[in-house]
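All values derive from a computational prediction rather than experimental measurement. Numbers for residues simply follow the sequence, beginning at 1. Computed over heavy atoms, backbone and side chain alike; hydrogens, waters and symmetry mates excluded.
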Amino acid sequence: MKTQATLLGLALAMVLGASATAGAQDARLDPKSKVDAADAAEQAVDDAHTAREHAEAAREAARHARAVQANVATADGAAIASDAAAVADRSAHEADQASDFAGHAANEALGAKTAADVGNQPKRAVMEARDAATKAELAGNLSADAAANAAAAAAAAEDAATRPDAGLPSSEPMARPLEPDVTVVSAPADSIVGDYTVDFDRMDSNHDGAISSTEAASNSTLTAEFRAVDNNHDGKLSRKELEGWKR
């Protein structure tokens with residue numbers, strides 16, 4: 001029985017050894033799998049680098065949006081810029097997450113490439129490398145989308161910086177409508193204070209029988225009401241016109 005067990009053990013060892021040797025030979029004899037795994041890993045690494053660049057662009061857009069928000073002068077613009085900056089921040093965070101995911105996928109692809117190079121299951125390693133490359137590509141796309149959203153949000157913040165403030169309705173009273181001109185036919189309205197005493201002969205310095213605006217300058221009240229008293233609008237005041245003006 002002992003001899004039989006020993007022989008069985010030797011037989012199993014020979015079978016297992018032969019299987020391992022065959023697996024190693026399969027790996028060596030399958031150069032296409034190595035190439036396929038290497039290509040998948042290279043693509044995954046490229047996608048991870050691209051995702052990292054998109055993430056950095058998204059972070060820069062978010063920083064710019066915040067800087068713009070801090071310098072918006074109007075209330076309406078500040079509110080819009082604040083919302084835009086918040087969107088940019090979220091997009092930058094999403095881009096960072098996608099970049100990290102792409103990096104992990106690239107590492108998985110590199111590990112699968114190594115397995116394809118030295119392992120005894122090259123075809124399986126190729127599948128794993130390709131799956132990891134697909135993950136890296138999807139993560140790269142997500143990072144690109146997030147970066148685009150962040151850039152759009154930063155642009156919206158810039159637009160808000162130049163937005164005029166709609167504001168609330170003005171509390172100032174509305175301007176009064178223009179009133180039609182009033183022509184005084186007889187005499188001007190009574191004034192509370194004024195000098196209505198006129199020495200016609202003395203004021204008529206050139207003795208032409210009328211008082212001009214220059215001659216009336218010595219009487220501020222008459223000067224202020226000159227046009228109203230000048231009923232015929234000839235630029236002079238006659239004795240008759242002044243009769244109705246004197247108080």
Side-chain angles (χ1 to χ4, degrees), residues 57-93 145-247:
R59 288 193 294 271
E60 178 59 30
R63 287 192 291 268
H64 180 64
R66 285 299 178 190
V68 170
Q69 178 200 357
N71 293 286
V72 177
T74 66
D76 288 348
I80 295 174
S82 178
D83 291 341
V87 171
D89 286 339
R90 288 195 299 270
S91 297
H93 180 65
D145 290 343
N149 291 338
E158 288 184 349
D159 290 341
T162 58
R163 178 186 178 91
D165 194 358
L168 298 175
S170 175
S171 59
E172 297 180 358
M174 295 180 61
R176 295 178 59 185
L178 295 176
E179 297 180 355
D181 292 336
V182 177
T183 302
V184 178
V185 177
S186 57
D190 292 339
S191 297
I192 298 175
V193 178
D195 181 8
Y196 290 94
T197 302
V198 173
D199 186 340
F200 190 95
D201 294 328
R202 182 181 179 186
M203 190 173 289
D204 182 16
S205 59
N206 62 0
H207 307 293
D208 64 348
I211 297 175
S212 66
S213 59
T214 302
E215 292 172 327
S218 60
N219 187 310
S220 60
T221 304
L222 180 59
T223 299
E225 301 181 3
F226 191 94
R227 293 182 61 187
V229 179
D230 184 14
N231 293 330
N232 60 5
H233 307 295
D234 63 352
K236 297 179 180 181
L237 302 180
S238 66
R239 291 179 183 274
K240 184 176 181 180
E241 287 173 325
L242 283 173
E243 288 177 357
W245 180 77
K246 294 180 181 179
R247 299 293 187 268

Checklist entry - What pairs with V87 under side-chain contact (heavy atoms from CB on, under 4.5 Å), at least two apart in sequence or on another chain? => result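 Counting only residues at least two positions away or on another chain, V87 forms a side-chain contact (heavy atoms from CB on, under 4.5 Å) with R90, S91, A153.
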Item to check | Sequence-distant partners of S213, side-chain contact (heavy atoms from CB on, under 4.5 Å), two or more places apart | outcome: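 By the side-chain contact (heavy atoms from CB on, under 4.5 Å) rule, S213 matches F226.
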Item to check | Partner set under salt bridge (Lys or Arg N to Asp or Glu O under 4.0 Å) for D234, not counting sequence neighbours | outcome: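 If we apply the salt bridge (Lys or Arg N to Asp or Glu O under 4.0 Å) test to D234, skipping adjacent residues, there are no hits.
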Only counting residues at least two apart or in another chain, list the ones meeting side-chain hydrogen bond (donor to acceptor under 3.5 Å, both in side chains) with [X].
X    : result
D89  : R66
S205 : E215
R63  : E56, E60

What is the distance from atom [atom1] of [X] to atom [atom2] of [Y], rounded to the nearest 0.5 Å?
X    : Y    : atom1 : atom2 : result
E243 : L237 : CD    : CG    : 12.5 Å
D159 : I80  : CG    : CD1   : 9.0 Å
K240 : N232 : NZ    : CG    : 10.0 Å
N219 : D199 : CG    : CG    : 11.0 Å

Next on the checklist: If I compare all heavy atoms of A58 with all of A146, which pair ends up nearest, and what's the gap?
Outcome noted: CB-O, 4.5 Å
Checklist entry - Is any side-chain heavy atom of V229 less than 4.5 Å from a side-chain heavy atom of N231? => result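 V229 does not reach N231 side chain to side chain.
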Item to check | A216 backbone acceptor or donor facing T223 side chain under 3.5 Å | outcome: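 Judged by distance alone, yes, a pair lies under 3.5 Å.
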